[in-house]
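Right, one structure below, let's go through it.
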Amino acid sequence: VPVFPWHSLVPFLAPTQSD
Amino acid sequence: APASAPSNPSHFMKGAIIQLATGELKRVEDLQTQDFVRSAEVSGGLKIDSSMVVDIRASQQKPGLVSLHFTVGEQQSKVTIDVPPEHPFFVFGQGWSSCSPERTAQLYDLACHPLQVGDVCVSITLQQQP
């Protein structure tokens with residue numbers, strides 16, 4: 001059964017990325 | 001995960017086994033806010049941010065996707081990501097939410113709330129090195 005790390009579930013929104 | 005979400009990631013499938021940073025194993029549908037907060041605390045180098053949804057609109061660049069506009073963290077930085085409407089986000093104190101809960105249920109069998117402007121989602125970033 002595959003096991004996934006918790007941080008694969010949430011987006012990585014680096015503050016340096018802006019519109 | 002990249003800023004724009006991959007399609008049909010199996011880790012969102014109901015019943016998927018998720019390992020917290022503490023080593024504990026939980027099913028994706030059983031995760032609580034505290035699981036993410038505690039995992040970030042024990043993970044060196046990663047930090048949890050509060051990312052508030054400030055706008056939800058159809059993507060101009062990628063038909064069929066949704067553009068989610070966030071203000072991220074203390075600096076309230078503006079970040080926009082394009083995701084499929086069924087992509088689930090974990091909202092603090094509420095659980096899994098998406099722009100199309102029906103499609104999320106069809107694709108992942110995961111129960112979701114409707115994602116709304118004002119929702120504060122869990123996101124991660126690298127901890128600033130001193």
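Quick caveat: nothing in here was measured; it's all calculated off a predicted structure. Per chain, numbering begins at 1; letters A, B, ... match sequence-line order.
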Checklist entry - Are side-chain heavy atoms of A:W6 and B:L46 found at a separation under 4.5 Å? => result yes

Item to check | Max heavy-atom pair count under 4.5 Å with chain A, selected residue of B:A21, B:C121, B:A16 | outcome: B:A21

Checklist entry - How many angstroms lie between atom NE2 of A:H7 and atom CD1 of B:I18, to the nearest 0.5 angstrom? => result 10.5 Å

Checklist outcome for this item: Taken to the nearest 0.5 Å, the spacing of B:I17 CD1 from A:F4 CZ works out to 9.5 Å

Report yes or no: do [X] and [Y] belong to one cluster of Ile/Leu/Val/Met/Phe/Trp/Tyr joined by side chain heavy-atom distances under 4.5 Å?
X      : Y     : answer
B:I124 : B:V37 : yes
B:L110 : B:F90 : yes
B:V42  : A:V10 : no
B:V117 : B:L68 : yes
B:V83  : B:L65 : no

Checklist entry - Would the number of heavy atoms belonging to other residues, nucleotides or ligands and lying under 6.0 Å from NZ of B:K14 be above 12? => result no

Checklist entry - Checking heavy atoms, do the side chain of B:T71, its backbone, both or neither come under 4.5 Å from chain A? => result neither

Next on the checklist: For B:S39, which atoms come within 4.5 Å of any heavy atom of chain A: side chain, backbone, both, or neither?
Outcome noted: both

Checklist entry - Between A:L13 and B:F70, which heavy-atom pair has the shortest distance, and what is it? => result CD1-CD1, 3.9 Å

Next on the checklist: Give me the atom names and distance for the closest heavy-atom approach of B:W96 to A:L9.
Outcome noted: CH2-CB, 3.9 Å

Checklist entry - Side chain, backbone, both or neither: which part of A:V1 has an atom under 4.5 Å from a heavy atom of chain B? => result side chain

